[in-house]
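See structure below.
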Amino acid sequence: MELSIQTTDALKPLPRDADLTFGTIFTDHMFNMDYDQKNGWHNPRIEPYQPIVMDPSTMVLHYGQSIFEGLKAFKTSSGQIQVFRPEQNFARFNRSAQKLCMPPLDEAFALKAMMELLKVDKRWVPSTPGTSLYIRPTIIAMDPFIGVRASYTYRFFIIMSPVGAYYKEGFNPVKIWVTDQYVRAVRGGMGEVKTAGNYAASLYAGEEAHRIGYTQVLWLDGVELKYIEEVGSMNIFFVIDDEIITPALSGSILSGITRDTVKLLAEKWGTPVTERRISIDELITAHESGKLQEVFGSGTAAVISPVGEIKYKDKIMKVGDGSVGKWSQKFFKAITDIQYGVAEDTDGWILPLD
Ligand code: COI
């Protein structure tokens, strides 16, 4: 398939690295490709960043048949631009597509198109440590139809946004609230894939968390409200009595790529992560006995985010001494050193832009 490239001369001013937050500014160009039953995926094109014009009846607006990915491009001190484990994102994208009854993409082609887009907009990759160009591939249902079924037509697009830290706390510990009332996902549902509805489902409890002074919600399983699942914007890890534990993928937890990176690094360092069910009661017991040493989240946007406080019902658990724990530090440094080219990529995780 021929990728067409149409660029604009009307380039936007670049933001200063120091002003970057998360997800508010977008680059000059985007990638678009369409799907219909007769032509399959067709008309791949890079063009100026622009609105998507759609009929008010367009299916994605009504029933949320939409999937997305999130990955990042980094600039090294020598000026090299590189992407971290992008094949994993496109593999997960196709798993999400399958669950949302969407046609699969040619992963290699989608990745190639993304790298071409990156080449066109490479001046947008910031270079200050902690900044990157966040890349958002998305597929949406495009049929103008308001009956409930899978759409017959789709749009695949990629947009890019220069970003700083996801949380306003940066790398300082965040406070999370465990809800015993709301659930994000249930086994057999959509929790394990990256679809818009999971994030819509998280908003109501998220607002409540903010009202009581917490940054994020830590979700329990949707059946018994007993076992810890994830944070929605990141997976979660606990260090209890020198053991690193993360909830086992249950079908309702997103299979995070940074989660997998933490597991692979820990294994390499001879301290493998235990994946198992962990209940909120076990966490409370560990805290009460002084064995809860560290809690941190992992995600593409969040990277490694230390957790300093967890609230569950009327119990407030302070984690560690309020500073960043040793494992959070170690994983954060190892991952970002590879991403920014400070450490050698011995695992084939880096795809450089040529
Ligand atoms: C990511 O970490 O890339 C995500 O997609 C999470 C989102 C909350 C920004």
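Start at 1 and go down the list; that is how both ligands and their atoms are numbered.
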Handout entry: Of Asn39, Asp36, Asp34, the residue whose pairing with Thr153 passes side chain to side chain contact (heavy atoms under 4.5 Å, CB included)
Key = Asp36
Practice task
Kindly tell me which protein residues have any non-hydrogen atom under 4.0 angstrom away from an atom of ligand 1, grouped by chain and ordered by number?
Solution key: Phe68, Gly70, Tyr134, Arg136, Tyr166, Lys194, Ser233, Thr300, Ala301
Problem - Glu230 with Arg259: basic N within carboxylate O range, under 4.0 Å - result: no
Exercise for the section: Please say which of Tyr35, Phe109, Phe31, Phe68 ends up in a ring pair (Phe, Tyr, Trp, His ring centres under 6.0 Å) with Phe156. Expected result: Phe31
Exercise for the section: Taking only Lys NZ, Arg NE, NH1 and NH2, and the carboxylate oxygens of Asp or Glu, determine whether Asp242 and Lys291 approach each other closer than 4.0 Å. Expected result: no
Practice task
Sort out for me which residue in Tyr340, Phe84, Tyr134 forms a ring pair (Phe, Tyr, Trp, His ring centres under 6.0 Å) with Phe74.
Solution key: Tyr340
Handout entry: Proximity of Phe238 and Trp327 rings by center, below 6.0 Å
Key = no
